[in-house]
Amino acid sequence: MTQFESLLGIDFDGNPTDDVDDVIYGGYDHAEHRERVPGLGALLGTRAAPDRERYLACLALVAWGEPVGYQYVQDATREPKAAPWYDLVVDRKFSVDSSYGRFSEAAADSRELAEEKGSSTLRLETFRSLIRIADREYFEERLGDYLEEAVVRASLPEIREVITRALQSIESGTHYRFDVATQLVDLANSVVTVDEELAVDLITRVLHAVPGDRTMVHAVTAVHRAKGPTGQGLAEHLYAMGNEKVRSLLVHHVHGVTEGPVSLKTTVLCAARPSGAEGGTAPSPDGRPDIGRLDDDTGHLLGLAHEGGDHVL
């Protein structure tokens with residue numbers, strides 16, 4: 001049995017398994033995962049180890065709220081493409097690396113363990129380091145939707161800066177291999193419940209730079225979360241400028257309308273109601289928004305081989 005197999009190839013009942021997801025998820029309910037942390041840290045730091053094994057070791061350490069995992073991800077974001085596993089986890093839609101989205105999701109899921117282990121500050125700093133590269137790396141919708149309010153509030157400077165920097169790149173003609181505009185909108189959506197006016201301003205700037213239908217579809221999420229007049233203004237803009245799909249997503253939230261034309265005023269007022277209202281977007285028990293995705297495929301936490309998502313080469 002190899003070192004990797006002994007660490008992530010045996011579940012917490014002592015049974016051999018090829019499902020690394022199962023082992024990592026199992027760690028949330030088994031304190032015995034702590035016994036594997038030293039070995040995972042050693043594996044992560046072994047340059048001669050296979051890239052896939054180092055990647056999964058780091059992912060497990062982040063998911064389990066371990067400082068060594070958080071720190072490694074923070075260091076990796078300084079030169080994202082230099083990570084040993086870069087291009088190992090490839091998104092099927094754009095054929096680009098999406099490993100940082102996996103680390104974002106793992107960090108989100110590590111919230112309780114980070115609190116238990118006293119590593120919440122490192123967890124926050126990990127999120128901030130990931131946000132800083134949102135204009136360069138693809139997160140496959142695993143960034144904005146995974147930030148709880150406390151993280152968003154502490155990361156407002158990074159969110160504003162990365163969106164501004166990305167827009168400058170777009171305006172200068174930079175070509176992106178992935179849909180950066182929707183990624184920026186998703187990130188701005190996370191700000192709505194913290195600073196609605198700032199969120200709508202950021203979203204509007206992205207829509208002005210990239211007025212695509214898919215971008216507008218993602219912006220509808222902000223309308224669902226908004227409570228004030230700025231959200232109503234965004235709804236009006238989306239309804240006026242969007243395609244049939246965008247309008248249908250707004251009309252869906254109009255009470256008492258089953259057919260025929262819908263007035264813009266009614267649509268705006270109903271679409272912009274507070275989060276948690278019927279048909280709106282209430283937070284899940286763990287504090288993360290449970291909004292569903294409007295049009296895109298989703299995948300496993302780990303991005304291992306599966307249909308419709310990412311795969312490990």
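Computed from a prediction, not measured in an experiment: that's the story for all the values here.
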* To do: Could you please spell out the steps behind the salt bridge (charged side-chain N to carboxylate O under 4.0 Å, His left out) verdict for D186 and R225?
  => CA-CA 12 Å; D186 288 345; R225 294 177 181 173; over 6 Å; no
* **Intermediate values then yes/no, salt bridge (charged side-chain N to carboxylate O under 4.0 Å, His left out), E148 and R123** => CA-CA 12 Å; E148 68 261 23; R123 176 177 178 268; 2.7 Å; yes
* R136 atom CZ, over 12 foreign heavy atoms within 6.0 Å -> yes
* Structure fact -> d(R153 CZ, S190 OG) to nearest 0.5 Å is 11.5 Å
* **Donor-acceptor contact below 3.5 Å, side chain D13 vs main chain N15** => no
* Asked: Does the side chain of L156 come within less than 4.5 Å of V194's, by heavy atoms?
  -> yes
* Does E5 reach the main-chain N or O of T2 with its side chain, forming a donor-acceptor pair under 3.5 Å? -> yes
* F12 six-ring face occupied by R36 cation (under 6.0 Å, within 45°) -> yes
* Between E196 and T230, is any side-chain donor less than 3.5 angstrom from a side-chain acceptor? -> yes
* Asked: Around H30, counting heavy atoms of other residues, nucleotides and ligands shown, do more than 12 lie under 6.0 Å from its NE2?
  -> yes
* So which heavy atom on F103 is nearest to which on C58, and how close? -> CE2-SG, 3.8 Å
* Determine, stepwise, if the pair K93 / E140 fulfils salt bridge (charged side-chain N to carboxylate O under 4.0 Å, His left out). => CA-CA 9 Å; K93 183 179 294 185; E140 203 201 22; over 6 Å; no
* F94 six-ring face occupied by R177 cation (under 6.0 Å, within 45°) -> no
* For L143 and I131, run side-chain contact (heavy atoms from CB on, under 4.5 Å): C-alpha distance rounded to whole Å, both residues' side-chain angles, the deciding distance at 0.1 Å, then the answer. => CA-CA 8 Å; L143 183 59; I131 291 169; 4.3 Å; yes
* To do: Identify the residue among L147, D145, L202 that makes a side chain to side chain contact (heavy atoms under 4.5 Å, CB included) with L187.
  => L147
* Does the side chain of T204 come under 3.5 Å of the side chain of D201 through a donor N or O and an acceptor N or O? -> no
* Should L249 and V192 be regarded as members of a common hydrophobic cluster, given that ILVMFWY residues are connected when their side-chain heavy atoms come within less than 4.5 Å of each other, either directly or indirectly? -> no
* Asked: Strictly by modelled atom types, are S99 and D97 linked by a side-chain donor-acceptor pair under 3.5 Å?
  -> yes
* Begin from the C-alpha positions of E112 and K117 and carry the test salt bridge (charged side-chain N to carboxylate O under 4.0 Å, His left out) through to its verdict. => CA-CA 9 Å; E112 291 186 9; K117 298 178 179 182; over 6 Å; no
* Asked: Checking S119 side chain against G65 main chain: does a donor-acceptor pair fall under 3.5 Å?
  -> yes
* **Y70 ring center within less than 6.0 Å of W64 ring center** => no
* Side-chain contact, heavy-atom cut-off 4.5 Å: L198 with I159? -> no
* S104 backbone acceptor or donor facing R142 side chain under 3.5 Å -> no
* Tell me, yes or no, whether the heavy-atom count around E115 atom CD, taken from other residues, nucleotides or ligands under 6.0 Å, exceeds 12. => yes
* Roughly how far apart are D213 CG and H218 NE2, rounded to 0.5 Å? -> 11.5 Å
* To do: For residues K81 and E137, determine if any side-chain heavy atom of one lies less than 4.5 Å from a side-chain heavy atom of the other.
  => yes
* Nearest heavy-atom neighbours spanning L130 and T77 -> CD2-CG2, 4.0 Å
* Quick check: are there more than 12 heavy atoms from other residues, nucleotides or ligands sitting under 6.0 Å from CD of E244? -> no
* Could you verify whether a donor N or O on one side chain and an acceptor N or O on the other, from Q71 and D75, lie under 3.5 Å apart? => yes
* Could you pull out the closest heavy-atom pair between A63 and L113, with the gap in Å? => O-CD1, 3.9 Å
* Asked: Can the ring centres of Y100 and W85 be said to be less than 6.0 Å apart?
  -> no
* If you measure from the Lys or Arg side-chain nitrogens to the Asp or Glu carboxylate oxygens, is any gap between D179 and R214 under 4.0 Å? -> yes
* Structure fact -> From the list R165, Q168, Q183, side-chain hydrogen bond (donor to acceptor under 3.5 Å, both in side chains) partner of D135 resolves to R165
* To do: Flag the pair R205 / I163 as yes when at least one side-chain heavy-atom distance between them is below 4.5 Å, and no otherwise.
  => no
